[in-house]
Amino acid sequence: MPAYRSKRGHDLHYELHGGGEAPVVTIVNGLSMRTSHWAPYFSLLPAAGCRVLSYDMLGQGLSSKPVLGAGFDDHVDVLRELHEHLGISRPYVFGISFGGVVALKYAVAHADAIAGLLPVSTFSELDPQLRCHAWNLFTGLSRVGFEYYLDLLMPLNFSNRWLTENAELISLIRRVGASGNELFGIQNLMESLADFSGISEELGAIDCPTLILNAEYDYLTPRHLHEIIRRRITSSRLVLVPGVCHAFTLEVPQLASRLIVDFVRSVESGHWQGDQSVWIAAEDASADPLLLPCEGDHLRAIPIAPPTQAGKARSGGNEGGKESGRDKR
Amino acid sequence: MTNDIANLRKRIREHFARGSVHPDDQTRITLFIQSIKAINSAVLAKVELQPFDWQPYRALHNQYYREVELATLIGKATAWSSNPFLYMEATNLNLELWNRTGAARYLQGLLALDETFYSYLALSHAFMSVVRFIPLLPTSMSLDTPFLQALKEVEEENGRQIQVQIRLLKEADCGLEAEQRERIVEEERNKVESCFRELLERIAPNGANA
């Protein structure tokens, strides 16, 4: 059970899978996740030629839980330390949800020491809806309990299909989640959001290849929050993952792995095009091609025709309308 | 988390995986929890001497009565052991708990926002966050027994009550620098962890088959 002792004396539990000099994908957890959530990736990514580093953030799982809390910058610093400790000079940093913010901040702070960035189901600022969600989750966690907090997350994290197929597992998931975490550790992570003023303005400093992933039905961190990231990072692409929700990486690990691996390969081979374009992934992880360009308005949930086509239909083709969803804005 | 603690937790899980929680284990667990609740209740009783507008009064007042309530609830739900030696053993550990945590020093004088009060907050935070038994049970074990239901209720309530400690440890002005606060929190945590570890060692001794 490897652990790294940080300069401030905190233990960081981690697992590194895969061998040789293969590129490393570092996974930064969501709020109440643990290393064990990524078990499918420990075989999927190495089988496709990547190493994968997963660790519990301070406050999570088997890592130290500073009672007085830790800030976002502490998480960035300690991840940098872990990379240095393991001799990983240019990782691909994949961060989901809360961990996505840490990954974004990492890319800003260590632009010269990152091969690629994957912000997933995440945000760079708290808009009123997300602030409401955060408050509800915080209140549920602190006033009712950890299992209720997980109950609140369940319909945000998983699709109807997954919830139906795994109905018998849900009570087990709740119990394992409550047992595998310390309430105050997760609460401290949440409380670091209280002083979070947003980092959208800083994202322009990121120039590494960036693949943004957002699920079709992610109602916790919906499309417009990823759009902010896409517009700010010029070397980015946004991929929409169909039919799934906020925690799609748990629900469709094969598809998510393929997206990660294809991204790493395209960067490593020099073929990556960070052109701020928008793509839709296939539901089948083995589809070829896996990605198709998004021709519709990727910011709308109503399946209207693309703005330019709709405008043309109304005006007989004379209306300029908005740019297409695939534009490079 | 050191490998020693991880190994101990693994041993405890294996111990409980052999079946239901034996009355001997129920008794050890309940007496330990009741010792903790007794320390908290004794200290928190002093809160009633504080004025109503004392910053932590309302929260700690509530906690005082909850501690008493939970101590009696878990006692009522326990299948008590018939082994008299076990009670002697538990009494020794109870004394160790008082000694190691220095709990008696919190009983002297009135409460005030000072280093002593901060230490007590750190101690009670450690009591509520370190001493958790449900995570040590196999996830396949049903909690549908009076004892385990009560234990779960105690631990869930601890999760709610600890909010007072979290807030006060972070925000109360006890005249301490950040480094002093971190040191106190770590010290109190280490004391509680050592006692908890000792209890777990007694529940599942190293090398024992049962």
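Just so we're on the same page: letters track the sequence lines, and every chain starts at 1. Hydrogens, waters and symmetry mates play no part in the numbers below; they use all other heavy atoms, side chains included.
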For a 4.5 angstrom cut-off between non-hydrogen side-chain atoms, does B/K170 reach A/N188?
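A side-chain contact exists here, since the closest heavy-atom pair is under 4.5 Å.
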Trace of the side chain to side chain contact (heavy atoms under 4.5 Å, CB included) decision for A/E191 with B/I166
CA-CA 11 Å; A/E191 289 189 5; B/I166 289 173; 4.2 Å; yes
Quick one: do A/R175 and B/K152 satisfy side chain to side chain contact (heavy atoms under 4.5 Å, CB included)? Show the steps, please.
CA-CA 11 Å; A/R175 183 158 161 193; B/K152 187 166 186 279; over 6 Å; no
Side chain, backbone, both or neither: which part of [X] has a non-hydrogen atom closer than 4.5 Å to chain A?
X      : answer
B/R181 : both
B/E182 : both
B/L169 : both

Under the side chain to side chain donor-acceptor pair (under 3.5 Å) test, residues paired with A/N160 that sit two or more places apart:
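None.
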Side chain, backbone, both or neither: which part of [X] has a heavy atom under 4.5 Å from chain B?
X     : result
A/L68 : both
A/R8  : side chain
A/D56 : neither

When only heavy atoms count and the cut-off is under 4.5 Å, which of residues 116-125 of chain B reach chain A?
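Heavy-atom contacts from residues 116-125 of chain B to chain A are B/Y118, B/H125.
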Within a radius of less than 6.0 Å around [atom1] of [X], do more than 12 heavy atoms belonging to other residues, nucleotides or ligands occur?
X      : atom1 : value
B/E179 : CD    : no
B/R58  : CZ    : no
A/Q129 : CD    : no
A/F42  : CZ    : yes
A/R161 : CZ    : no
B/E177 : CD    : no
A/W135 : CH2   : no

Using only atom types and a distance under 3.5 Å, with no angle test, would you say the side chain of A/R143 pairs donor to acceptor with the backbone of B/R160?
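The answer is no, because no donor-acceptor pair under 3.5 Å joins these two groups.
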Would you give the length of the straight line joining atom OG of A/S179 to atom CD of B/E155, rounded to the nearest 0.5 angstrom?
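Going from the OG atom of A/S179 to the CD atom of B/E155 covers 8.5 Å.
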Enter the distance from A/L183:CG to B/E156:CD here, rounded to the nearest 0.5 Å.
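So the CG of A/L183 and the CD of B/E156 are separated by 10.5 Å.
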Which atom of B/S129 lies closest to which atom of A/E182, heavy atoms considered
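Heavy-atom minimum between the residues: O-OE1, 3.3 Å.
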